[in-house]
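In this text, all values refer to a predicted model and were calculated from it rather than measured experimentally. Just so it is clear: chains get the letters A, B, ... in the order the sequence lines come, proteins before strands, and each one is counted from 1.
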Protein chains: 2
Amino acid sequence: MTSLDDVAKAAGVSAATVSRALSGRGNVSKATRAKILAVAAELDYVASSAASSLASGRMRNLGVIMPELHRWFFNTVLTGISAEATRTGYDVTLYNVTADPEVRQEIFGAFLRRRRVDAVIVVALELSDWEERELARLGIPVVIIGGSSGTLPGVSIDDAAVTELATAHLLELGHEVLGFIGGAEQFDADYKVPSQRRAGFDRALRARDISSDPSLIGEADFTIPGGFHAARQLLGTPGTGMTGLVAASDEMAIGAILAARELGIRVPEDLSVVGVDGHELGALFELTTVDQHAQNQGATAAKLILATVESEDTYPKSLDRSFDLLVRRSTARVPREPSA
Amino acid sequence: MTSLDDVAKAAGVSAATVSRALSGRGNVSKATRAKILAVAAELDYVASSAASSLASGRMRNLGVIMPELHRWFFNTVLTGISAEATRTGYDVTLYNVTADPEVRQEIFGAFLRRRRVDAVIVVALELSDWEERELARLGIPVVIIGGSSGTLPGVSIDDAAVTELATAHLLELGHEVLGFIGGAEQFDADYKVPSQRRAGFDRALRARDISSDPSLIGEADFTIPGGFHAARQLLGTPGTGMTGLVAASDEMAIGAILAARELGIRVPEDLSVVGVDGHELGALFELTTVDQHAQNQGATAAKLILATVESEDTYPKSLDRSFDLLVRRSTARVPREPSA
DNA sequence: ATCCTGAGTGCAAGCGCTTCCAGTATGGGG
DNA sequence: CCCCATACTGGAAGCGCTTGCACTCAGGAT
């Protein structure tokens with residue numbers, strides 16, 4: 001392995017100058033820099049990250065903490081983060097916090113404290129006080145995506161607004177008896193998004209003075225099978241008059257469409273279904289949804305936090321937290337005579 | 001931040017002894033070790049990874065290279081790798097090689113060469129000669145999952161055997177006219193799994209002296225929509241007499257089931273469908289499949305390579321590359337009078 | 001002509017660990 | 001009772017970079 005000194009000798013300058021030339025910090029004359037760059041390329045020199053980190057305190061490494069990788073939101077956000085990090089020359093270290101509390105404690109209490117990362121992005125994880133304290137103790141920038149924290153900055157979208165928009169869409173189509181599939185109570189301790197999404201649904205109904213029927217609220221785990229089972233129950237109940245269904249995630253919405261098909265309920269003729277996410281699979285099911293630009297959320301968070309790390313500046317003022325209604329064919333004007 | 005020296009002073013021993021006590025290398029008396037452990041816990045000491053890496057050359061970091069994160073196989077394998085790495089005290093650094101050749105070159109030519117990782121797992125990526133050379137140059141263990149290399153060791157399953165098993169299952173049920181949905185030609189340059197899976201299908205047919213009908217071979221990209229479109233085309237062709245369909249991935253198999261439903265073809269009464277993977281979603285569609293234990297593949301690869309790194313031993317001799325047929329309800333005995 | 005400023009460079013002191021080596025006990029074998 | 005292996009421990013030399021500081025040398029201001 002060629003070292004800094006090798007380059008310095010070959011270029012006839014000191015190690016300090018090579019370091020400055022390669023890192024861009026400090027003054028080096030044009031000619032010297034060019035020479036050094038040439039020699040470094042020639043010798044195929046790549047700096048040792050450990051040495052560089054130890055001396056400078058900078059790791060060029062971004063930590064990402066997420067509870068799982070299977071669900072669309074997570075791997076999509078991660079893809080966005082990774083792309084942005086790579087562009088900026090940063091590595092991405094993934095900490096997959098599992099349900100096992102020991103693993104979780106190990107990650108916050110030990111892994112992160114090795115000072116491996118310059119910054120941390122936390123994805124859809126509700127942090128305990130202890131975890132927030134551990135994070136704060138690291139003294140590095142932290143950003144939250146998909147979730148919130150009293151003390152930590154986030155780039156999350158407005159999780160109530162998305163379902164409110166989805167619900168309003170159905171209301172505008174004339175639907176008055178709406179069902180909702182969202183997060184189960186037991187999730188909320190760990191993850192506030194489900195209750196926010198639910199709140200948006202309620203808000204939209206309240207704005208039109210429509211009361212929601214508690215028997216039309218289903219609970220699921222944001223997956224396709226979860227949505228399927230919840231929807232089958234909702235749709236199997238006779239006499240509800242439900243003509244529209246809002247699902248708090250596209251995966252659940254797709255599950256609901258599958259359930260409807262199985263029960264012989266036509267979408268959108270008998271039932272309009274709208275989701276939230278912008279999942280790629282939505283196209284296949286012609287699902288109307290609120291696209292939350294998840295990959296972009298990841299990229300934005302990464303851009304934001306890396307800018308902070310690099311410039312030691314404060315966070316930029318404006319963030320793209322946009323989302324928009326993507327109307328496809330799973331929603332339609334309310335039928336004249338409601339089914340069931 | 002408390003340092004090694006702080007602990008040494010507080011414990012009344014030298015830094016060398018603290019290092020030995022904490023790392024487990026070298027001899028330290030029981031009493032001294034206990035004292036040091038207590039003091040370290042008290043001071044909440046965690047070693048700086050940069051310093052430790054620089055001095056020892058060990059990173060305690062596992063690199064994972066994958067081309068994408070969306071498809072089930074990738075995030076499942078990654079989950080397995082991550083769990084195992086965390087258990088062993090290793091970080092996981094994710095390199096998401098995108099389609100952009102510049103990114104790819106950057107990762108192999110620069111990121112990996114910073115000596116950040118002790119070992120690399122390459123997932124489902126066909127490497128160019130240059131890439132293999134770069135990897136070899138790092139002088140660290142490399143393992144391939146889902147794919148192969150002439151020179152690098154792999155833990156992949158036998159990709160022909162899985163489809164052979166799936167196909168044999170249909171043949172045993174009496175099906176004689178089988179369709180196949182697999183990878184499109186253009187993928188093969190980058191990724192040999194598709195052609196292997198196809199080879200397994202052919203082999204099973206040949207073993208029973210059944211010739212495969214080229215018009216019953218569909219091409220898709222291993223996703224649900226891909227499978228859907230390919231199957232719709234296959235199933236839309238009248239007069240083929242096809243009663244069984246083998247898909248090279250569960251996602252494509254699910255797409256095929258959706259296509260069949262749309263066309264009014266009953267599964268399994270009119271058409272038996274079998275996939276390969278063991279995708280969680282398979283249960284919802286009652287999909288018969290060949291489970292390849294993807295998460296376990298990731299965990300196995302990680303275990304293997306971390307053992308190599310830790311002990312500087314050679315690779316273990318026996319590996320679990322098992323897969324097994326999981327019969328659900330998407331396959332059935334061939335109908336008396338074939339449909340269409 | 002003299003002073004000051006700032007660009008360009010090298011020296012050397014670390015960054016916080018690991019580990020080789022040497023030194024001191026300690027205990028069992030002869 | 002002596003010797004020597006063995007178990008512990010500390011000293012000190014790095015690991016390969018970064019960066020504060022000191023120094024030189026021009027060129028512009030006075």
Heavy atoms under 4.0 Å, any strand shown: does [X] hit a base, just sugar-phosphate, or nothing?
| X | result |
| --- | --- |
| B:R115 | nothing |
| B:T32 | sugar-phosphate |
| A:R114 | nothing |

* To do: Side chain of B:S56 only, please: which of D:dG16, C:dT18, C:dC17 is the nearest?
  =>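 Of D:dG16, C:dT18, C:dC17, C:dT18 is nearest to the side chain of B:S56.
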inquiry  = Between P on D:dC17 and CZ on A:R60, what's the gap in Å once rounded to a whole number?
reply    =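 Rounding to the nearest Å, CZ of A:R60 and P of D:dC17 are 15 Å apart.
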- Task: Please determine if a side-chain N or O atom of A:R58 lies less than 4.0 Å away from the OP1 or OP2 oxygen of D:dT19.
- Result: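 For D:dT19, OP1 or OP2 has a side-chain N or O of A:R58 closer than 4.0 Å.
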For C:dT18, does OP1 or OP2 lie under 4.0 Å from any side-chain N or O of B:S52?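 Affirmative; the distance criterion is met.
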* To do: Ignoring hydrogens and angles, tell me if any N or O in the side chain of A:E106 forms a donor-acceptor pair with the backbone of B:T86 under 3.5 Å.
  =>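 Pair absent, no side-chain N/O of A:E106 close to backbone of B:T86.
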Decide whether a cation-pi geometry holds between A:R114 and A:F111; the criteria are a distance under 6.0 Å from NZ or CZ to the six-membered ring centre and an angle within 45° of the ring axis.
-> yes
What are the two closest heavy atoms between B:A301 and B:I145, and how far apart are they?
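Smallest heavy-atom distance, with atoms named: CB-CD1, 3.4 Å.
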In numerical order, the residues of residues 9-30 of chain B whose heavy atoms come under 4.0 Å of DNA chain C are B:A16, B:S19, B:R20, B:R25
So if I apply the side chain to side chain contact (heavy atoms under 4.5 Å, CB included) rule between A:I305 and each of A:V155, A:V143, A:V142, A:V120, which one comes out positive?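 Single pass found, and it is A:V143.
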